[in-house]
K.L.:
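Supplied in C-alpha cells, the structure appears directly below.
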There are 2 protein chains.
Amino acid sequence: MALVGTKPALIEGDVALRLGKKERQQRILQELQVHPHVRVATLAERFDVATETIRRDLDALSSDGLINREFGGASARPMGHQPDLAQRQLSAVAGFERIGMLAADMVRSGDVAMIDAGSTVAQIAPFLAARTTKLPRTFLTNCYAVVHGMAELADHEDVLMCPGQFNRRENAVYGNDTIEYLRRFHANIAFIGASGISRQGFSDVNRRAVAVKRAMMERSDETWLMVDHTKFDQRYLENVAPLEELTGIITDRQPEPEFASQLERAGIRLLAWREDTH
Amino acid sequence: MALVGTKPALIEGDVALRLGKKERQQRILQELQVHPHVRVATLAERFDVATETIRRDLDALSSDGLINREFGGASARPMGHQPDLAQRQLSAVAGFERIGMLAADMVRSGDVAMIDAGSTVAQIAPFLAARTTKLPRTFLTNCYAVVHGMAELADHEDVLMCPGQFNRRENAVYGNDTIEYLRRFHANIAFIGASGISRQGFSDVNRRAVAVKRAMMERSDETWLMVDHTKFDQRYLENVAPLEELTGIITDRQPEPEFASQLERAGIRLLAWREDTH
DNA sequence: TTGAAAAAGTTGGAAAATCAACACAAAACT
DNA sequence: AGTTTTGTGTTGATTTTCCAACTTTTTCAA
C-alpha cells in the first residue's frame, strides 16, 4: 500500500529546498484553504517539480476526498456540503468521509457529545444524522458546518450552538463566551480536530480554536481526536495537549506501526480505516 | 459599455429555451454558490451556447469581481456569497433586497446592532458588509443566514452569534440560552422580522422566535421592523408586540395611505422604497 | 425601414493540460 | 549487498483551452 511516506529529499539548491511528497500535499491543502482553486502549472513551478508530480498529488488528494480535481488544477471542497452520504452504500465511502463514519459509531444512544470545528471533524455530521437511536442524543458544537451537515435529526434530538465571535474562515465561533458556555455542560464524549499530530501531541494553527478544544476536553469523559493521514508528523506552534489526554484517535489510514505501538503502550485507542473489514 | 442587457431571446425549441446574457450569468453565479468550480466546456454544453460565449461571460463576471477566472473555467470567490451588491448599480437592486438596503442605512458608525432571524431580515447582511465606517460596529444575531451574508467585514468589526438550540428550518438558534445571552448586552438598534403585521401589531408563527424578538427589543434603544409587502394585514396567533413599541417599519412598497397615516399619528417612522428616489 | 450597437457564433493557430508508458533515482526491506 | 518499492522525471501523442480576428444574428431606436 501507500502507507509509508518517503522522507523529504532535502536536496539544498541555491535557495529553495525540495519538499517531500507529504509536505507538498499538506501545503497544497493549506493553499486551498485560502484560495478556492489551484493550478497544476503554478504549483509545479512553486515546488519546483514536474507537472506530472503535481498531477499525481492532486489525484491522490482527490481520491482521498480532500479536494475536488478540476481540469488544470483542483478546487477546495465546500465544508459541510455532503448531504447524500446517508444513502450511499458503505462500500462507496471515500477516504475523508471514512473518518466521520468511524467517529459516528462511537456515539451511543443517549449520549451528550461535544463537536469541535474544522472540515475533518465536520465529516461526522451526516453520519450522526443517519443513525437512529433509542434515547435522544444531544450535540454541542461551535461550528456551523457541523450543524449544517446534520441533514435531519429527529425532533427530540438537540443541537446546541455555542455563542461567540464568528470566524468566517472556519465557519465557527470562538472567544470567551464560547468557553464559558461549554463549561456549563458535561458531555460523555468529545470529538476534536487538529492541524497536526506528532508523538509529542497534537497542535493547531489557531490560538482561539485551541482554547475551545481544551474547554471541550475538560468537560468530556472521553476525547477522540479526528485527523486524516496528511496531518501525521505535522507540528504547529500552538500545542493543544499531549497524546496521553486522548481516549483515542480516529483516522482514515493505518499509521506507521511504530506510531501505532506507541499509542498502544500509552493506552490510547486507535480507530483507523481498514479496507478488509468494510 | 456593457451595462444595458439584451432581453432573453426566448426562442422556444423542443424543450429548452435560450437564456439571455444576464440570466445566463446569473445562473453561473448560482452554480458557483453550490459547486466551487465550473468549467467552460460544461457550461457551454448546458446552456447550449458556444464556448466563446461562456468565456466572455466568465471574463465579464471576473472583471466585476464576482468570480475568479481560472484556466478552463472559474471558481467561486473565497467564502463570500454576494460581495458584489456594493458595486451593482442601485437601480438593479431587486425587490427583496431593497429592504435590506434601506435597513443598512440606519446603522451608524460605532453602533451595536441586534439582528433577528428570517429571510427578510437577512437581506440586510450584504449591505452592512459593504459599508465602510469610521468606528467599528458590533453585530449580534441568532441567525446563521445573517453572518453568512456578511461576505467580508473588516477584521475589527465583531459578529457575535447567540447560543441556543439550532433550528434547521430557520437557520437560527432559539431557547433560554439565546434569551439569556441577549440580556447581557445593550444595543443601539435592533432589526426584527415578523410573519405578519396589522393595525393591532405584528405577529409570528414560531413561539420560540417570538421570545427572542422580545428580548432583542428589550435590550435595544431602537427597534425597526423589516417586512415585505406580502406580510401586511396578516395576523398569526403569536403576537409579538403592538406597533407602538416600534421605532419604525422598513418595507419594499408604499402601504395603503390609511395605514401610513396611522403610523404617522403614532409617531412610527416608515421607510418604504420609492422608485423615483433611487 | 434602415442602421448602429450588442450579443453570439466561427475559425485557425498557439499554448496548456491530459494520459500512458517508460526510465531513473532514492528509500526501504530482507 | 542486492532486491523491491516508491517517488519523480521525461517523452510524445492526444485533447482541451485560449486568444484574436472576423462573420452572422439579434436588438433597439431613429
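First the proteins, then the strands, lettered A, B, ... as listed; each starts at 1.
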K.L.:
Over how many whole Å does the gap from I54(B) atom CD1 to dT16(D) atom P extend?
P.N.:
17 Å
K.L.:
Ignoring backbone atoms, test whether R56(B) places a side-chain nitrogen or oxygen under 4.0 Å from the OP1 or OP2 oxygen of dG9(C).
P.N.:
no
K.L.:
Report the relative orientation of the aromatic rings in F259(B) and F232(B); use parallel for angles under 30°, tilted for 30 to 60°, perpendicular for over 60°.
P.N.:
perpendicular
K.L.:
Quickly work out the E258(A) CD to dC29(C) P distance and round it to whole Å.
P.N.:
11 Å
K.L.:
Do R56(B) and D59(B) sit within salt-bridge range, that is, some charged N less than 4.0 Å from a carboxylate O?
P.N.:
no
K.L.:
Separation of E52(A) atom CD from dA23(C) atom C1', in whole Å?
P.N.:
14 Å
K.L.:
Hey, is CZ on R199(A) packed in by over 12 heavy atoms from elsewhere, all under 6.0 Å?
P.N.:
yes
K.L.:
Please report, rounded to the nearest Å, how far the C1' atom of dT6(D) is from the NZ atom of K21(A).
P.N.:
8 Å
K.L.:
Whole angstroms only, please: what is the CG-P distance between D57(B) and dG9(C)?
P.N.:
10 Å
K.L.:
Tell me the interatomic distance from F71(A), atom CZ, to dA16(C), atom P, rounded to whole angstroms.
P.N.:
12 Å
K.L.:
For dT18(C), take OP1 and OP2 only and decide whether either is under 4.0 Å from a side-chain N or O of R69(A).
P.N.:
yes
K.L.:
For a quick test of reading the model: is some side-chain N or O of R55(A) closer than 4.0 Å to OP1 or OP2 of dC19(C)?
P.N.:
yes
K.L.:
Which whole-number value in Å describes the distance from K22(A) NZ to dT6(D) P?
P.N.:
15 Å
K.L.:
Under the side chain to side chain contact (heavy atoms under 4.5 Å, CB included) rule, what do E264(A) and L270(A) come out as? Steps first, then yes or no, please.
P.N.:
CA-CA 8 Å; E264(A) 195 177 358; L270(A) 175 65; over 6 Å; no
K.L.:
Within this structure, what is the CD-to-C1' distance between Q25(A) and dT6(D), rounded to whole angstrom?
P.N.:
13 Å
